[in-house]
2 protein chains.
Amino acid sequence: MPRGHCRGQWWWRGRVYGCGYRLTAGREAILGLLSTSKEHMSAEDIYMKIHTAYSNVGLTTVYRTLELLSDLGMICKLDFGDGRARYELAEGVQGVRHHHHLVCTGCNRVVEYTDFIDKEVELLKETEKGLEEKYHFKITGHVIQFSGLCDRCSCK
Amino acid sequence: MPRGHCRGQWWWRGRVYGCGYRLTAGREAILGLLSTSKEHMSAEDIYMKIHTAYSNVGLTTVYRTLELLSDLGMICKLDFGDGRARYELAEGVQGVRHHHHLVCTGCNRVVEYTDFIDKEVELLKETEKGLEEKYHFKITGHVIQFSGLCDRCSCK
DNA sequence: ATTAGTAATGGAAACCATTTTCAATAAGGA
DNA sequence: TCCTTATTGAAAATGGTTTCCATTACTAAT
Ligand SMILES: [Mn+2]
Ligand SMILES: [Mn+2]
Ligand SMILES: [Zn+2]
Ligand SMILES: [Zn+2]
């Protein structure tokens with residue numbers, strides 16, 4: 001992990017410190033990993049990758065950090081139906097594009113799509129507003145996911 | 001559970017038998033429960049309710065039946081983020097209205113909304129079609145869920 | 001009705017992602 | 001430095017879900 005001079009890491013630092021938490025080596029490593037990887041990683045995936053460089057960071061800390069960052073709104077917890085949670089940087093963080101997911105129920109492959117997103121987002125905003133007023137909810141997030149069979153899986 | 005003359009149960013029977021499975025007492029009980037209840041029940045919820053009338057139906061069978069019915073597309077498996085799966089009758093089955101969910105991350109309360117649905121469904125269909133063509137997926141379902149804090153939970 | 005083959009079942013045990021406990025350590029402020 | 005609090009890792013516990021396995025219920029011939 002490069003030493004902390006790029007924009008991203010300062011953003012993290014401010015955000016984490018601003019909420020009264022410390023940016024420890026483990027937390028920094030996890031944020032660094034999530035920001036450079038394009039995959040949707042599980043806690044254990046992250047633990048494994050982190051472990052080579054930071055062999056002192058335990059799985060428990062990974063779980064704790066993921067929960068913290070999730071609470072701070074810096075990352076998103078995703079469920080693709082395979083029994084383990086996946087994580088990705090939240091949109092709005094260093095140029096993460098708004099996107100949704102297409103999940104194969106056969107092989108658990110996940111496709112991120114950014115097409116059609118503009119209309120979706122527009123409608124989502126509208127809906128969100130309507131729901132907030134009608135049900136007195138303070139809406140903080142949404143999930144849009146399509147599920148089905150990928151080409152490989154539908155051929156058998 | 002009323003004896004099997006109403007439309008619903010015949011629909012089940014046809015559907016289940018049509019796929020080469022039997023409509024056993026346990027399966028019938030679970031379908032009956034899901035079709036009369038408006039809640040989103042977990043496997044254990046279902047087991048508890050079934051158990052009073054059908055004390056011989058075990059939790060394992062409940063799980064198995066839920067998986068089967070889910071595979072047959074007769075029910076939907078939902079995840080509201082509280083660590084246990086919930087189930088509801090799939091849309092299109094005996095007048096189940098198309099609806100989406102609004103989940104409180106504070107108390108796990110779930111609101112079903114049917115407002116705004118028309119536009120959503122229209123856009124979903126469009127998007128689905130586009131995605132199927134572009135990514136060669138055979139799309140079978142979608143999830144739209146908003147999360148946030150309900151009025152009670154946002155006041156503290 | 002008997003038989004044989006298969007589907008379905010329940011209870012116990014296993015599984016496994018996540019959480020909790022707890023004692024140790026690190027960091028920061030007075 | 002001393003004190004308070006935040007953070008940590010290892011091990012154990014938790015709890016929803018699956019798997020095993022021996023038994024039972026169906027079904028379709030014979
Ligand atoms: Mn993604
Ligand atoms: Mn519902
Ligand atoms: Zn696939
Ligand atoms: Zn609430």
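All chains are named by letter (A, B, ...) in the order of the sequence lines, taking the proteins before the strands, and each is independently numbered beginning at 1.
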Quick one: side chains of residues 105-115 of chain B, donor-acceptor pairs under 3.5 Å with protein atoms, not counting sequence neighbours, listed by atom name and distance.
residue: Thr105(B); atom: OG1; partner: Gly148(B); partner atom: O; Å: 3.3
residue: Arg109(B); atom: NH2; partner: Asp151(B); partner atom: OD1; Å: 3.2
residue: Glu112(B); atom: OE2; partner: His40(B); partner atom: NE2; Å: 2.8
residue: Glu112(B); atom: OE2; partner: His99(B); partner atom: NE2; Å: 3.2
residue: Tyr113(B); atom: OH; partner: Glu120(B); partner atom: OE1; Å: 3.4
residue: Tyr113(B); atom: OH; partner: Glu120(B); partner atom: OE2; Å: 3.1
residue: Asp115(B); atom: OD1; partner: Tyr135(A); partner atom: OH; Å: 3.2
residue: Asp115(B); atom: OD2; partner: Lys134(A); partner atom: NZ; Å: 2.6

Can you say whether the rings of His98(A) and His100(A) are parallel (under 30°), tilted (30 to 60°) or perpendicular (over 60°)?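 Because their plane-to-plane angle is over 60°, the rings of His98(A) and His100(A) count as perpendicular.
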Separation of [X] atom [atom1] from [N] atom [atom2], in whole Å?
X	N	atom1	atom2	result
Glu67(B)	dT17(D)	CD	C1'	10 Å
Asp71(B)	dA7(C)	CG	P	16 Å
Asn56(A)	dT7(D)	CG	P	16 Å
Leu59(A)	dT21(C)	CG	P	18 Å
Leu72(B)	dA7(C)	CG	P	15 Å
Tyr21(A)	dT8(D)	OH	P	12 Å
Met41(A)	dT18(C)	CE	C1'	18 Å
Tyr47(A)	dA17(C)	OH	P	14 Å

Between dT17(D) and Tyr63(B), is there an OP1 or OP2 to side-chain N/O distance shorter than 4.0 Å? yes
What nucleotide, of [options], holds the atom closest to the side chain of [X]?
X	options	result
Thr60(B)	dA17(C), dG11(C), dT8(D)	dG11(C)
Arg27(A)	dT18(C), dT9(C), dT7(D)	dT7(D)
Ala43(A)	dG16(D), dT17(D), dT18(C)	dT18(C)

I'd like to know if the side chain of Ser154(B) and the backbone of Cys150(B) have a donor-acceptor N/O pair within less than 3.5 Å.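 Side chain of Ser154(B) to backbone of Cys150(B), a donor-acceptor pair under 3.5 Å: yes, one is there.
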Is the backbone of Leu68(B) close enough, under 3.5 Å, to the side chain of Arg27(B) for a donor and an acceptor to pair up by distance?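 Such a contact is absent between Arg27(B) side chain and Leu68(B) backbone.
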Considering heavy-atom distances to DNA chain D, does Ser55(A) or Ser42(B) have its closest nucleotide positioned more toward the 5' end?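 That would be Ser55(A).
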If you assign each of Tyr17(B) and Lys77(B) to its closest nucleotide in DNA chain D, which residue comes earlier from the 5' end?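 Closest to the 5' end, via its nearest nucleotide, is Lys77(B).
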At under 4.0 Å between heavy atoms, what does Arg22(B) touch on the DNA or RNA strands: base, sugar-phosphate, or nothing?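 Contact class for Arg22(B): base.
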Assign Thr24(B) to base, sugar-phosphate, or nothing according to its heavy-atom contacts below 4.0 angstrom with the strands shown. sugar-phosphate
Can you tell me how far apart NE2 (His142(B)) and OG1 (Thr127(B)) are? Round to the nearest 0.5 Å. 10.5 Å
